[in-house]
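Working notes, structure below.
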Amino acid sequence: MSNRPGRDALLEILCAEDVRYIFGNPGTTEGAIMHALEGCPDLEYVLVAQEGVAMGMADGYARETGKPAFVNLHIETGLSNGLSLLVNAFAGGTPLVLTSVNSDMSKVAEGRTDLVDLTRPFTKWGAEVTHADHLSAVMRRAFRVAKTPPTGPTYVSIAQNALDESTSASVIPSGELNTRISADAELVASAASLLVKANHPVLLVGDRVAQYGAVDAAVAFAEQIGAEVYGASYPAMMFPTTHDQWVGLLPPYVPFYRDALAKADVVVAVGARVFHDFFRAATDVLPEGAKLIQLDINQDELSRTEVADVGVWADLGLGLSDLRTAALEQYTPEQQAAVAGRIQQLSDSASDRRRASVATPQSGSSGGPMPVSSMMTGIADALPQHVIVVDDSVSSRMDLHAAVAFDENRCVHAERAGGAIGWGMGAALGVSLGAPGRPVIAVVGDGSAMMTVQALWTAATYRIPIVYVICNNASYRVLKVNLKRWFGEVLGDPDTRSRYLGMDFANPFDFASIARSFGVPAERVDDASEVAAAVRRALAVEGPALVDVVIDGGV
Ligand SMILES: Cc1ncc(C[n+]2csc(CCOP(=O)(O)OP(=O)(O)O)c2C)c(N)n1
Ligand SMILES: [Mg+2]
């Protein structure tokens with residue numbers, strides 16, 4: 001390989017890794033990269049005005065494309081701004097490679113920050129490149145580790161001198177990785193022997209079912225065993241919510257789990273956190289005598305808090321299909337008839353469940369504040385075919401789920417884990433870049449939107465066609481909801497009175513004005529009957545648009 005500066009080698013590496021976008025905000029140390037990019041038409045730099053936007057964008061892009069995203073944030077200062085959403089990417093297992101250009105190695109005595117150390121708690125792996133010759137191998141490892149299950153973010157700090165020095169090191173991409181690990185046959189057989197005896201099996205699906213492409217296998221498995229299906233979360237379309245066996249998404253509070261699982265005798269948790277609660281470690285959730293079968297590609301999730309009777313570490317699609325086959329072999333004709341009976345019952349009750357969840361639009365300007373359910377019904381009415389919903393609706397999520405069905409036609413990416421707010425504004429940008437031509441509607445809480453509202457500038461500048469719909473409840477409503485639950489569940493006094501200090505916005509944000517100031521057309525809606533029309537008008541705009549929906553923030 002001929003000699004070239006490290007900065008050119010870095011761009012070669014990114015092209016070899018099939019990177020299309022660099023999400024970032026540069027500093028002086030990044031000057032060399034920005035200069036080299038002028039000669040590299042295959043890579044597009046997408047500038048953000050706040051680093052959290054780049055992190056959200058990378059997260060959305062990686063989720064939509066399934067490929068590792070690439071981010072560059074400036075040294076300790078810019079990098080620190082991105083840490084909050086790195087927490088989410090790490091907790092949610094998003095494959096991305098985060099980089100910064102650190103000071104020159106000649107500054108060791110003067111003082112340099114250990115940037116790898118700064119990111120360590122929230123990355124799978126990190127290293128610093130101190131010489132141009134090491135760039136290729138270190139970046140290859142970073143991409144490889146990011147996309148190896150359990151996937152997640154990696155970090156590379158590049159000393160400034162490594163971009164200026166020459167290197168003749170060859171670029172070898174990280175390549176495809178086959179991680180279709182089969183389940184252990186003995187474990188599968190013992191899981192199947194529990195399954196066939198179950199009178200009330202429950203399937204609990206988690207985000208990795210979608211992430212690892214196991215949705216069809218989950219549906220086939222549920223149909224085979226006649227299980228009720230719940231979502232431990234719903235960060236992507238991981239089970240069609242239009243399916244008769246889908247019962248619903250469980251909010252992350254133990255009482256909801258206990259209620260949903262009260263009759264279960266076998267719970268099969270697939271690619272899911274078992275279990276998660278806002279307040280305490282969620283142990284002892286299962287009813288007395290119920291068996292827990294866990295299947296996950298992420299070994300760390302097996303028996304994490306609730307000990308599994310059978311824990312299977314395998315590719316989710318392969319594991320589900322092996323379990324299904326093993327159960328099929330063991331069923332007696334009576335057990336098969338019982339499966340058919342359960343499916344019939346679930347299908348008979350499905351339309352009632354759906355009807356119960358659909359709200360009639362009420363409100364607005366004349367009749368008090370608009371209920372969130374009415375806002376979501378309006379959005380549902382306006383959703384086009386093949387839309388992707390980016391759900392960062394926080395405390396409005398259950399209403400969104402009640403109103404909108406998700407399947408192959410209407411997909412979703414939702415804030416997944418980690419808990420940092422500010423995810424959705426940037427994530428929508430990344431999702432849209434990863435799915436050109438598809439309509440994207442981002443439903444975002446006002447508090448979350450305000451954390452990374454600079455995303456509107458990037459949307460306008462790059463003309464990224466997203467419809468942002470803001471749940472403007474003038475509050476950090478979920479904090480009020482959680483305080484109320486804490487009064488009841490932890491203090492044992494649900495009637496405790498509170499002024500909800502620091503949770504209401506005495507001066508609500510005017511998102512329509514903010515959006516217009518960034519060059520994004522926007523309107524404000526406070527009447528439920530106007531929501532659908534406003535969303536349709538926004539969808540008709542070429543480029544981004546925003547609808548600021550004023551809703552009730554009470555609890
Ligand atoms: C970066 C960050 N800061 C603060 C918090 C604490 N927090 C969690 S949820 C939340 C409020 C979210 O408000 P909003 O987006 O308006 O949704 P709502 O609760 O009103 O539905 C806050 C402040 C957090 N999780 N992350
Ligand atoms: Mg709010």
Side-chain angles (χ1 to χ4, degrees), residues 48 50-57 59 73 79-92 121-122 233-235 249 251-253 276-279 369-376 379 389-403 414-428 442-456 468-486 498 500-512 514-515 524-526 546-555:
V48 298
Q50 215 282 346
E51 287 79 356
V53 178
M55 293 307 298
M57 228 169 159
D59 198 87
L73 304 182
L79 181 59
S80 305
N81 267 350
L83 286 183
S84 163
L85 285 167
L86 180 64
V87 175
N88 284 20
F90 183 59
F122 312 115
S233 54
Y234 206 88
L249 164 65
Y253 306 96
H276 170 60
D277 180 89
F278 264 119
F279 300 120
M370 186 191 313
V372 61
S373 54
S374 302
M375 167 186 179
M376 297 308 173
I379 292 177
V389 175
V390 173
D391 166 20
D392 190 14
S393 60
V394 195
S395 76
S396 305
R397 176 157 303 133
M398 298 309 285
D399 291 276
L400 176 68
H401 266 261
E415 196 266 321
R416 186 153 54 188
I421 58 171
W423 173 82
M425 295 299 283
V443 185
V444 189
D446 51 350
S448 184
M450 208 54 208
M451 285 275 167
T452 43
V453 77
Q454 300 90 334
L456 294 171
Y468 286 102
V469 187
I470 307 296
C471 310
N472 196 337
N473 55 17
S475 63
Y476 290 144
R477 185 172 169 272
V478 72
L479 303 187
K480 302 197 280 183
V481 171
N482 285 349
L483 196 64
K484 264 186 101 163
R485 296 203 74 90
W486 178 73
S498 173
Y500 298 117
L501 280 174
M503 300 178 194
D504 281 309
F505 308 147
N507 179 16
F509 302 111
D510 179 354
F511 282 95
I514 296 168
R524 187 177 174 93
V525 175
D526 60 9
L546 180 142
V547 183
D548 186 12
V549 187
V550 181
I551 53 170
D552 190 4
V555 287

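Everything numeric here is computed off the predicted structure, so don't read it as measured data. Read the numbers this way: they start at 1 and go in the same order the structure lists the ligands and their atoms.
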Original post:
Does the distance from a Lys or Arg side-chain N to an Asp or Glu carboxylate O, for Arg477 and Asp504, drop under 4.0 Å?
Top reply: no

**OP:** Report the residue from Asp392, Thr452, Asp59 that forms a side chain to side chain donor-acceptor pair (under 3.5 Å) with Trp423.
**Re:** Asp59

**OP:** Go through the steps for His401 and Arg397 under the test side chain to side chain contact (heavy atoms under 4.5 Å, CB included), then give the verdict.
**Re:** CA-CA 6 Å; His401 266 261; Arg397 176 157 303 133; 4.0 Å; yes

Subject >> Count, waters excluded, of protein N, O or S atoms under 2.8 Å from the Mg ion (ligand 2) >> reply: 3

Original post:
Between Asp446 and Ala474, what is the shortest heavy-atom contact and its length?
Top reply: OD2-N, 2.8 Å

Subject >> Test item: Asn472 side-chain N/O and Val549 main-chain N/O as donor-acceptor pair under 3.5 Å >> reply: no

Original post:
Phe511 and Tyr468: aromatic ring centres closer than 6.0 Å?
Top reply: no

Subject >> Flag, side chain of Arg524 to backbone of Asp510, donor-acceptor distance under 3.5 Å >> reply: no

Original post:
Parallel under 30°, tilted from 30 to 60°, perpendicular over 60°: which one fits the rings of Tyr253 and Phe279?
Top reply: tilted

**OP:** Grab the two heavy atoms, one from Leu400 and one from Ser393, that are nearest each other, plus how far apart they are.
**Re:** CD2-OG, 4.2 Å

Subject >> Sub-4.0 Å heavy-atom environment of ligand 1, residues by chain >> reply: Ser84, Ser393, Val394, Ser395, Gly419, Ala420, Ile421, Gly445, Asp446, Gly447, Ser448, Met451, Asn473, Ser475, Tyr476, Arg477, Val478, Leu479

